[in-house]
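One structure is given below, encoded as structure tokens.
All of these numbers come straight from a predicted model, not from anything done at the bench.
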Amino acid sequence: MEQRLVSSWSNVHSSVPPSFVQPLECRPGKVTNPSSKTIPLIDLGGHDHAHTILQILKASEEYGFFQVINHGVSKDLMDEAFNIFQEFHAMPPKEKISECSRDPNGINCKIYASSENYKIDAVQYWKDTLTHPCPPSGEFMEFWPQKPPKYREVVGKYTQELNKLGHEILEMLCEGLGLKLEYFIGELSENPVILGHHFPPCPEPSLTLGLAKHRDPTIITILLQDQEVHGLQILKDDEWIPVEPIPNALVVNIGLILQIITNGRLVGAEHRVVTNSKSVRTSVAYFIYPSFSRMIEPAKELVDGNNPPIYKSMSFGEFRKKFYDKGPKIEQVLQS
Ligand SMILES: O=C(O)CCC(=O)C(=O)O
Ligand SMILES: [Fe+2]
């Protein structure tokens, strides 16, 4: 496993191993001249609540992505969380693996190279990821890393704050969509997961990807991205738009589950991560997930005779299995 982590060997390679070379149609090509378009920026600290809701709803319908500022998570805590994941990935490979080995079942804390689909991916991705559940109850914390020494304290605090922010955003979406404000409270959001991604510098960025084009298998995702190093892009009208780092902002995106619940009204936008040859890029994604037994289906309030459900109902456990088995073909199996 140690040798499998991209960070264990990438600094001694001057070219990309063949298993990491993307097929022509997936390659990012020249990444030096990105589009000048950008995704919406929403100030959550504004006083016009109704206007903020409209902005969130519009961004979720048109882009499936937006950035938020004045979101209530302190800059210090964001910096601390970002730094702790950076420090984690800078540790020796052996230590990273042993810090992720406390769960005898190997489920509740993991470090992996490339993607979680490592075994079935035809091509590998230029990335290592640390991931574990982070519910506000504190369950599973005994499996989290204990190094760097403040890991549990910082990630515990950060994920509590993101749980709060996530619910505020979901409540505003409910208000905009006409769902009851508590719609997402409880089972639909009680299983959040954190992912600390590490994208090492890559000698040939035009041939590789840090993350394939995908939609997130979440209700929503809240992402803390590197302030210095670009990499995230979203696909809009057949064009890749970069998600510019904005000081103190968090990136929010609609996931596939919310696309299903809103019967396609909100879209889980496709996005990917490109690599670069100069700097490590770090990002911290907070995935809002339902409990595994919760049924995922279009909300009764959002369907009727004129707007029948376009998605099948299935448990989140079943959905997640299909997501990992089918990869990009997942949408065909979701439709009713
Ligand atoms: O690293 C990023 O900016 C995006 C990460 C991402 O898309 C994901 O975790 O699903
Ligand atoms: Fe994603």
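When atom types are taken as modelled, the side chain of Asn248 and the backbone of Lys75 share no donor-acceptor pair closer than 3.5 angstrom. With hydrogens and angles disregarded, a donor-acceptor distance shorter than 3.5 Å links the side chain of Lys96 to the backbone of His89. Judged purely by atom type and a 3.5 angstrom limit, His198 has no side-chain atom pairing as donor or acceptor with the backbone of Phe85. Gln259 places a side-chain N or O within 3.5 Å of a backbone atom of Gly268 that can act as its donor or acceptor partner. In this structure, Gln160 contributes its side chain and Pro136 its backbone to a donor-acceptor pair below 3.5 Å. Of the possible polar contacts, one joining the Asp226 side chain to the Glu228 backbone as a donor-acceptor pair under 3.5 Å is found. In this structure, Trp144 contributes its side chain and Pro133 its backbone to a donor-acceptor pair below 3.5 Å. Arg294 places no side-chain N or O within donor-acceptor distance of the main-chain N or O of Leu188, the cut-off being under 3.5 Å. No donor-acceptor distance shorter than 3.5 angstrom exists from the side chain of Glu171 to the backbone of Gly166, with no hydrogens or angles considered. In this structure, Asn276 contributes its side chain and Lys278 its backbone to a donor-acceptor pair below 3.5 Å.
When all heavy atoms of Asn108 and Asp103 are compared, the closest pair comes out as N-OD2, 2.7 Å. Nearest approach of Ser277 to Pro201, heavy atoms of both residues: O-CB, 3.6 Å. Here the shortest heavy-atom pairing between Gln335 and Glu331 reads CG-O, 3.0 Å. Minimum interatomic distance between Ile257 and Pro290 (heavy atoms only, all atoms of both residues): CD1-CD, 3.7 Å. Among all heavy-atom pairs drawn from Gln67 and Ala249, the shortest one is OE1-CB, 3.6 Å. The two residues Ile296 and Ser315 make their nearest non-hydrogen contact at CG1-C, 4.2 Å.
Residues Lys127 and Thr129 bring a donor and an acceptor atom of their side chains to less than 3.5 Å of each other. Side-chain polar atoms of Thr221 and Thr218 form a donor-acceptor pair below 3.5 angstrom. Between the side chains of Thr275 and Thr208, at least one donor-acceptor pair of N or O atoms lies under 3.5 Å. With hydrogens and angles left out, the side-chain atoms of Glu99 and Tyr151 include no donor and acceptor closer than 3.5 Å. Side-chain contact annotation: Arg272 with Gln233, donor-acceptor N/O pair under 3.5 Å present. Between Arg320 and Tyr289, the side chains place a donor N or O and an acceptor N or O closer than 3.5 Å (distance only, hydrogens not considered).
Side-chain contact between Arg265 and Leu302: absent, with no pair of heavy atoms (C-beta onward) separated by less than 4.5 Å. A 4.5 Å side-chain heavy-atom check between Glu204 and Ser15 finds at least one atom pair inside the cut-off. A 4.5 Å side-chain heavy-atom check between Met172 and His49 finds at least one atom pair inside the cut-off. A heavy-atom distance below 4.5 Å is not found between the side chains of Val21 and Val123. Residues Asn253 and Asp216 meet the side-chain proximity criterion, which asks for heavy atoms closer than 4.5 Å. Using a 4.5 Å heavy-atom cutoff, the side chains of Lys150 and Glu153 are in contact. Between Ile56 and Leu44 the shortest side-chain heavy-atom distance falls below 4.5 Å. Residues Leu232 and Leu211 have side chains not in contact (no heavy-atom distance under 4.5 Å, counting atoms from C-beta outward).
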**OP:** Starting from the C-alpha separation in whole Å, work towards a yes-or-no answer on side-chain contact (heavy atoms from CB on, under 4.5 Å) for Leu256 and Leu334.
**Re:** CA-CA 10 Å; Leu256 255 183; Leu334 297 177; 4.2 Å; yes
**OP:** Tell me, with the steps shown, if Gln225 and His230 meet side-chain hydrogen bond (donor to acceptor under 3.5 Å, both in side chains).
**Re:** CA-CA 9 Å; Gln225 67 161 343; His230 291 227; over 6 Å; no
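For Tyr286 and Tyr158, the ring centers sit 6.0 Å or farther from each other. Taking the six-membered ring for Trp and the full ring otherwise, the centers of Tyr63 and Phe65 sit at least 6.0 Å from each other.
Among Arg215, Lys213, His214, the single residue meeting the side chain to side chain donor-acceptor pair (under 3.5 Å) criterion with His271 is His214.
The aromatic rings of Trp9 and Phe20 sit perpendicular to each other, their planes meeting at more than 60°, with 30° as the lower class boundary. Ring geometry for His197 versus Phe199: interplanar angle of 30 to 60°, hence tilted.
Between Lys312 and Glu297 no salt bridge is recorded (no basic side-chain N to carboxylate O distance below 4.0 Å). Electrostatic pairing of Arg102 and Glu142 does not count as a salt bridge here, judged by no charged N lying under 4.0 Å from a carboxylate O.
Taking a 6.0 Å sphere around NE2 of His13, one finds it holds more than 12 heavy atoms contributed by other residues, nucleotides or ligands. Atom CG of Asp238 sits in a sparse spot, with 12 or fewer heavy atoms from other residues, nucleotides or ligands closer than 6.0 Å.
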